[in-house]
Structure formats: C-alpha cells, structure tokens
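Basis for what follows: all heavy atoms, side chains included, without hydrogens, waters or symmetry-related copies.
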Amino acid sequence: MQEIIDGVLKFQREAFPQRSDLFKELSTSQKPKALFIACSDSRVVPELLTQQEPGDLFVIRNAGNIVPANGPQPGGVTASVEYAVSVLGVTDIIICGHSDCGAMTAISSDADMGHLPAVASWLAHADAAKAVNAGRTHESAKERLDGMVRGNVLAQLNNIKTHPSVSLALDQQRVTLHGWVYDIETGSIDTLDGASGNFVSLAENPHASATSTQTAAAPAA
C-alpha cells in the first residue's frame, strides 16, 4: 500500500503540475472520444496502450471485457454504455480482449468454478462464444484460448448492438465499433475487420473497423 501512496504523492508533485491546465479544463466537463471496454486484468491499461490523456477515453473494465445483452434489469455496464453514447456522444466503441486472459482461460478449459458462483454467473454472458469455440478443432490449449478470446470479442460486439442507445447510434452512423485483441508480450494489437470477419494487424490496417460484422462466428487469427 505504501507504494501506491508514494505514487499518489509523486503524481501530485510531478505529473499533476505538468497537466494543470488540462485538469482545470476537465474539472467541469469531459468530452471523451471513445468508449473503451477492457478486461480488469492488471496488465491491461487502456490509457497506456493507446497513449491517451485524461479525458480522452471513457473506460469500462470488468472480468472478460463483457457487455451483457440489453435486458429488463440493466446493470452498471449497461448504464455506462448508455451514458457514454447518449450523453457524452462518443464516436467510437472499442471492445478489447487480451492474451492470457484468466476469464477466457477458465471458460476454454472448462474450469470448475463452483467456489466462484458470482464469477460463473458473470462469465455466462460469454456462452455464445464458448459454444462456437467448443465446436471448433484446436491443436493446443493456447490455440483454444486464443480462439476463445477472439470469439468473446465478437460475442460482446453482438451484445452491445442490442443496447438501444448503441443500435440508434449505429443506425444514424454516429458511432463505429471496433474489436481488438491485445498481446501482452509483444504489445501488438489485432483488430476485427468487419468486411472479412477476420482479425488483422491494427498496425497494417489502421482504418479497419468491426461495424459491418453481423455474426458471432469466431474469425481466423
């Protein structure tokens, strides 16, 4: 804990003064460019991997970068999505999975989660991706996990389209969807190309988006 406190003091002493004008502007308003939905994994830091400043991203983080489909009992993710799209007017939504994801590992390996009932219930929102991935042939556990990570990004993109705020924004062409997979070891990112249904290198395809993707079938890596 002391390291965290020391970090706060360093922020106040060094980082904050360098951005004092920015924080003064942000003290009364925000206008983020994108909604970034990521896993809670400590190794995934949206602002770091996108090199964005405070105020640039509206971030939702949870186990497995999951977006429950719209339903009669909206939760925190639903409320945050609605606020980002309808109030803040974000123009892009990024759902970002990552390598070595614990949540996706548990699903792809059929781990016993009887002692984690809340986790098991939450990960049920990835059942569509689980079913597709289970129906495919994988040569290794790593390949099975990679397929699950990508399939889950697709499933959550389909889920987010069921939210009225997102559906309307898509219909009015006010928002673009993006599906990313971040590799922790290399720092590379694959992005879903909606035209082909495949994940491709973001570095080589910076203009690709997932908006035109309509199915939940897991694409090739």
Could you check whether any side-chain N or O of [X] sits under 3.5 Å from a backbone N or O of [Y], counting only pairs where one atom can act as donor and the other as acceptor?
{"X": "Asn205", "Y": "Ser201", "answer": "yes"}
{"X": "Thr162", "Y": "Asn159", "answer": "yes"}
{"X": "Asn152", "Y": "Val149", "answer": "no"}

Write down the atom of [X], the atom of [Y], and the distance for their closest heavy-atom approach.
{"X": "Ala38", "Y": "Val44", "answer": "CB-CG1, 4.3 Å"}
{"X": "Arg43", "Y": "Ser99", "answer": "NH2-O, 4.4 Å"}
{"X": "Phe11", "Y": "Pro17", "answer": "O-CD, 4.0 Å"}

field: Qualifying salt bridge (Lys or Arg N to Asp or Glu O under 4.0 Å) pairs, either residue in residues 120-130, two or more places apart
entry: Asp110-Lys130

Nearest-0.5 Å distance, OG1 of residue Thr91 to NZ of residue Lys33: 9.0 Å

- request: Starting at CE of Met113, measure out to CG of Leu123 and round the result to the nearest 0.5 Å.
  value: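 Going from CE on Met113 over to CG on Leu123, the span is 5.0 Å.
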
- prompt: Can you pull the ring pair (Phe, Tyr, Trp, His ring centres under 6.0 Å) pairs that have at least one residue in residues 33-90, sequence neighbours excluded?
  reply: Phe36-Trp180

- prompt: Which residue pairs pass the ring pair (Phe, Tyr, Trp, His ring centres under 6.0 Å) test with at least one member in residues 124-158, sequence neighbours excluded?
  reply: Trp122-His125

query: Partners of Asp112 by side chain to side chain donor-acceptor pair (under 3.5 Å), sequence neighbours excluded?
result: none

query: Taking only residues two or more places apart in sequence or in another chain, which ones pass side chain to side chain donor-acceptor pair (under 3.5 Å) with Gln172?
result: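 Partners of Gln172 by the side chain to side chain donor-acceptor pair (under 3.5 Å) criterion, ordered by chain and then number, come out as Arg174.
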
query: For Ile37, which of Ile93, Val77, Ile66, Ile94 qualifies under side chain to side chain contact (heavy atoms under 4.5 Å, CB included)?
result: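 Exactly one pass, corresponding to Ile93.
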
- line: From the list Val67, Asn70, Leu170, side chain to side chain contact (heavy atoms under 4.5 Å, CB included) partner of Ile160 resolves to Val67

query: Are Leu145 and Leu154 co-members of a hydrophobic cluster defined by side-chain heavy atoms under 4.5 Å apart?
result: yes

message: Please give the remaining members of the hydrophobic cluster of Leu48, linking ILVMFWY side chains under 4.5 Å, ordered by chain and number.
response: Val45

message: Assess whether a salt bridge exists between Lys142 and Asp146, defined as any Lys/Arg side-chain N lying under 4.0 Å from an Asp/Glu carboxylate O.
response: yes

- request: State, yes or no, whether a side-chain contact exists between Leu177 and Lys161 at a heavy-atom distance under 4.5 Å.
  value: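 Of all side-chain heavy-atom pairs linking Lys161 with Leu177, at least one is under 4.5 Å.
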
message: Does any part of the side chain of Asp193, heavy atoms only, come nearer than 4.5 Å to the side chain of Val200, both counted from C-beta?
response: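 Result yes, sub-4.5 Å side-chain heavy-atom pair found.
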
More than 12 heavy atoms from other groups under 6.0 Å of [atom1] on [X]:
{"X": "Gln173", "atom1": "CD", "answer": "no"}
{"X": "Glu3", "atom1": "CD", "answer": "no"}
{"X": "Gln12", "atom1": "CD", "answer": "yes"}

